[in-house]
Amino acid sequence: MRPSVLGSAMRPSASPLVSRISMLSRPSHSSRRCLAHQATATPAPAPAPIPVQPARAISQLLKWKPEQNVDNVVVHGYVRSVRGLKAWRFVSLADGSSLDPLQAVIESGLAEGLTVGAAVRLTGSWVASPGAAQSHELQVREVKVLGSSDAKTFPIQKKYQTPEYLRTLPHLRPRTPLNALLLRLRSEAVTSLTQFFARQDFVQTHPPIITSSDCEGAGEVFTLNPANYTAGQPGKESADSQDSFFRSKKYLTVSTQLHLEALAQSVGNVWTLSPVFRAEQSDTSRHLSEFYMLEAEMSFVDDMNSVMDLAEDMMRQLGTDLYQSDTVKSLLTRTPHFGQDLAPAEEVDRRWQGLMQPDWPRITYTEAIDILKQHEDKFEHKPVWGAGLQSEHEKFIASTVGKDRPVFVTNYPRDIKAFYMRPTRGPGSEDPSRVTVDCFDLLVPELCEIAGGSMREHQLEPLLDIMTRQGIIKSPSETASEDDSGNGLQWYADLRRWGCPPHGGFGLGFDRLLSYLSGVQTVRDIVSFPRWYGRCDC
């Protein structure tokens with residue numbers, strides 16, 4: 001039943017106190033207009049915050065010389081050293097972007113946790129420095145320790161540490177100023193080479209690391225097996241059995257050349273920068289078990305001069321691109337403290353200058369032997385036609401013929417070179433006792449061979465003939481087993497069966513090149529994590 005109007009009128013009324021409060025809390029018409037006006041009025045502007053500068057690399061800060069102080073400058077880095085007075089601490093900060101550290105001045109009360117090796121963020125003012133070490137310094141107002149360090153146990157100290165000792169710490173060695181510089185040199189070299197090949201319309205490719213053959217034929221390869229494989233253990237699979245992981249022996253590649261030849265038949269000129277592996281039991285300063293090789297392959301070329309021109313142009317462009325860079329300038333103007341284990345800066349500068357010179361000398365192997373015989377009393381190993389050039393021979397040729405420039409030595413005897421190289425044709429190749437191949441080694445002063453290349457045998461029958469004579473494949477008269485595939489190289493011969501054009505290419509030891517251009521005395525110190533016979537630390 002609906003409530004009546006009378007019923008609603010009989011409800012109890014609110015108390016006078018509640019009614020008064022209600023009336024007082026209800027704004028009047030004029031008050032509502034005032035509040036509305038206040039709501040739409042523009043608020044007074046708040047003071048603008050002082051902008052915080054984005055974090056800068058130390059190399060950028062060291063070149064920045066503003067006339068006035070700049071506040072709120074942020075820098076990230078690692079504490080290299082701390083020295084202090086009673087009220088202040090002077091922190092040497094590095095981030096790998098420069099040989100020289102940045103000096104930060106910090107009140108002692110803010111310096112807690114600033115120990116050698118610590119990773120920190122510092123914020124402060126970039127001001128002119130009263131000291132002579134650098135033009136400006138960072139006066140710090142805020143310190144943030146992002147990664148603490150126990151200075152007592154941190155192995156990398158500011159004092160001199162030998163290359164031999166640092167090799168025992170490959171995971172920490174890159175944090176030293178010189179090794180950080182070498183990492184930047186490597187990065188800049190890769191950038192320059194990538195741009196060079198792009199301008200030449202070469203296609204960058206990624207050939208395989210696991211391969212079915214020994215490209216060089218020297219037998220110095222690493223065989224690949226699963227971790228659970230144990231040679232000769234009963235019940236375990238054999239590496240060359242049908243039950244093995246790949247059903248036959250596989251290796252870590254010693255060169256990507258053969259696969260590059262296949263890729264070149266697809267897209268034309270190709271190149272790669274890839275890791276390669278050699279199982280040489282060698283303990284010299286020039287050898288590693290794992291290193292990087294730059295390799296290029298050119299299609300539809302019938303003259304080895306075209307291949308040598310490419311290698312020469314590439315290296316000259318690399319020198320031109322990097323010589324004026326801050327990284328190379330640091331190498332050439334380094335203090336004795338940073339360069340005591342490197343070749344003298346003057347010598348390194350001559351190497352760069354030689355790299356940028358035009359018209360590198362080109363002599364044949366036979367001419368090189370004739371030159372060496374004129375000075376054979378200087379050598380421990382007498383030069384003989386048909387034998388490989390010893391290190392002492394290569395150094396002599398590079399210094400006397402090149403005179404600071406790299407030197408091409410061409411047309412080596414066939415019997416000391418790889419099976420895939422094309423025999424020399426034309427004048428000078430008529431003597432059957434001195435058969436040579438279209439190949440070259442590129443020699444540089446002090447370091448000797450740094451690159452090698454050749455024209456490839458692109459005709460099927462001559463290739464099969466040399467592969468048979470060297471025992472790489474069986475002759476037709478021999479009985480071949482069902483699984484015989486020419487030592488894993490049948491596919492390489494197949495490339496000649498269906499439209500193989502004349503072609504050639506070269507390989508450059510990338511780590512050797514960096515060692516030569518940086519003045520590093522052993523290739524083990526140009527690689528961040530070196531592996532060589534008896535050593536693979538991490």
Side-chain angles (χ1 to χ4, degrees), residues 57 59 96-97 174 179-209 253-277 288 290-301 306-331 348 351-352 354-358 360 406 440 442 444 447 450-453 503-518 520 523 526-529:
S59 61
S97 66
N179 282 276
L181 181 74
L182 297 177
L183 281 174
R184 295 200 306 276
L185 177 65
R186 177 181 292 266
S187 175
E188 292 172 11
V190 171
T191 299
S192 172
L193 293 167
T194 302
Q195 293 172 345
F196 170 83
F197 280 111
R199 289 192 295 268
Q200 302 296 323
D201 292 328
F202 274 65
V203 177
Q204 185 176 13
T205 61
H206 297 97
I209 299 300
T253 186
V254 298
S255 170
T256 64
Q257 176 212 312
L258 305 187
H259 294 91
L260 280 183
E261 290 187 49
L263 298 176
Q265 291 188 10
S266 169
V267 291
N269 298 341
V270 295
W271 78 286
T272 189
L273 181 60
S274 301
V276 295
F277 307 85
L288 288 172
E290 176 188 5
F291 55 96
Y292 269 76
M293 184 78 75
L294 184 151
E295 297 182 85
E297 200 70 27
M298 304 175 70
S299 287
F300 295 96
V301 294
S306 299
V307 182
M308 290 190 288
D309 289 344
L310 176 69
E312 181 175 342
D313 291 345
M314 177 198 73
M315 293 181 64
R316 184 182 298 112
Q317 188 62 55
L318 174 69
T320 303
D321 287 347
L322 300 190
Y323 185 69
Q324 295 299 329
S325 70
D326 290 340
T327 300
V328 175
K329 287 180 180 178
S330 296
L331 276 172
V348 176
R351 296 176 183 181
W352 283 91
L355 202 69
M356 295 185 286
Q357 293 299 312
W360 297 354
F440 66 85
L442 182 60
V444 294
L447 193 64
I450 201 169
H503 60 286
F506 68 89
L508 167 75
F510 186 58
D511 300 304
R512 281 192 184 182
L513 174 64
L514 294 180
S515 179
Y516 177 70
L517 292 177
S518 64
V520 171
V523 72
I526 200 69
V527 175
S528 297
F529 299 95

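Everything numeric here is computed off the predicted structure, so don't read it as measured data.
Taking every heavy atom of both residues into account, T327 and R184 meet most closely at OG1-NE, 3.8 Å. Taking each heavy atom of P275 and E290 in turn, the nearest pair found is CB-OE2, 4.5 Å. Shortest non-hydrogen contact noted between L181 and S330 is CD1-CB, 4.0 Å. Closest approach of P207 and T272 over heavy atoms only: CD-OG1, 3.3 Å. The two residues L355 and P406 come nearest to each other via the heavy atoms CD1-CG, 4.3 Å. Closest non-hydrogen pair, P208 versus T256, comes out as O-CG2, 4.5 Å.
Under the 4.5 Å side-chain criterion, counting only non-hydrogen atoms from C-beta, R186 is in contact with D511. Between W360 and M315, some side-chain heavy-atom pair lies under the 4.5 Å cut-off. Side-chain contact between L310 and F196 is present, with heavy atoms from C-beta onward closer than 4.5 Å. Residues L260 and T205 form a side-chain contact, since some pair of their non-hydrogen atoms from C-beta on lies under 4.5 Å apart. Inter-residue side-chain proximity for L447 and R351 is flagged as unmet; no heavy-atom pair is nearer than 4.5 Å. By the 4.5 Å heavy-atom criterion applied to side chains, L318 and L513 are counted as neighbours. Contact check for V328 versus L517: no side-chain heavy atoms found under the 4.5 Å cut-off. In this structure the side chain of N269 never reaches within 4.5 angstrom of the side chain of D201, judged on heavy atoms.
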(request) Test side chain to side chain contact (heavy atoms under 4.5 Å, CB included) on L331 and S518 and set out the steps. (result) CA-CA 7 Å; L331 276 172; S518 64; 4.2 Å; yes
(request) Could you give me the CA-CA distance, side-chain angles and deciding distance for F202 and F197, then say whether ring-ring contact (aromatic ring centres under 6.0 Å, His included) is met? (result) CA-CA 5 Å; F202 274 65; F197 280 111; 5.2 Å; yes
(message) For F510 and L273: C-alpha separation, side-chain torsions, deciding distance, then whether side chain to side chain contact (heavy atoms under 4.5 Å, CB included) applies.
(response) CA-CA 8 Å; F510 186 58; L273 181 60; 3.9 Å; yes
(request) Apply the test side-chain hydrogen bond (donor to acceptor under 3.5 Å, both in side chains) to residues E295 and S255: give CA-CA distance (whole Å), side-chain angles for both, the deciding distance (0.1 Å), then the verdict. (result) CA-CA 8 Å; E295 297 182 85; S255 170; 2.6 Å; yes
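In this structure, T191 contributes its side chain and S187 its backbone to a donor-acceptor pair below 3.5 Å. Under the 3.5 Å distance criterion, the side-chain polar atoms of R512 are left unmatched by any main-chain donor or acceptor of A451. Proximity of a side-chain donor or acceptor of T253 to a complementary backbone N or O of I209 within less than 3.5 Å is not detected. At distances below 3.5 Å, not a single donor-acceptor pair connects side-chain atoms of S515 with backbone N or O atoms of I526. Between the side chain of S299 and the backbone N or O of A264, at least one donor-acceptor pair lies under 3.5 Å.
A search for ring pair (Phe, Tyr, Trp, His ring centres under 6.0 Å) contacts involving H259 returns W491, not counting sequence neighbours.
Defined by atom type and a distance below 3.5 Å, a donor-acceptor pair is missing between the side-chain atoms of Q204 and T194. Counted by atom type alone, E261 and Q257 present one or more donor-acceptor pairs between their side chains at under 3.5 Å. Side-chain polar atoms of Q317 and D313 form no donor-acceptor pair below 3.5 angstrom.
Atom-to-atom distance recorded for L185:CG and S325:OG is 7.5 Å, nearest 0.5 angstrom.
Other residues, nucleotides and ligands contribute only 12 or fewer heavy atoms inside 6.0 Å of the CZ atom of F300.
Aromatic ring pairs are classed by plane angle as parallel below 30°, tilted from 30° to 60° and perpendicular above 60°; the pair F440 and F506 is tilted.
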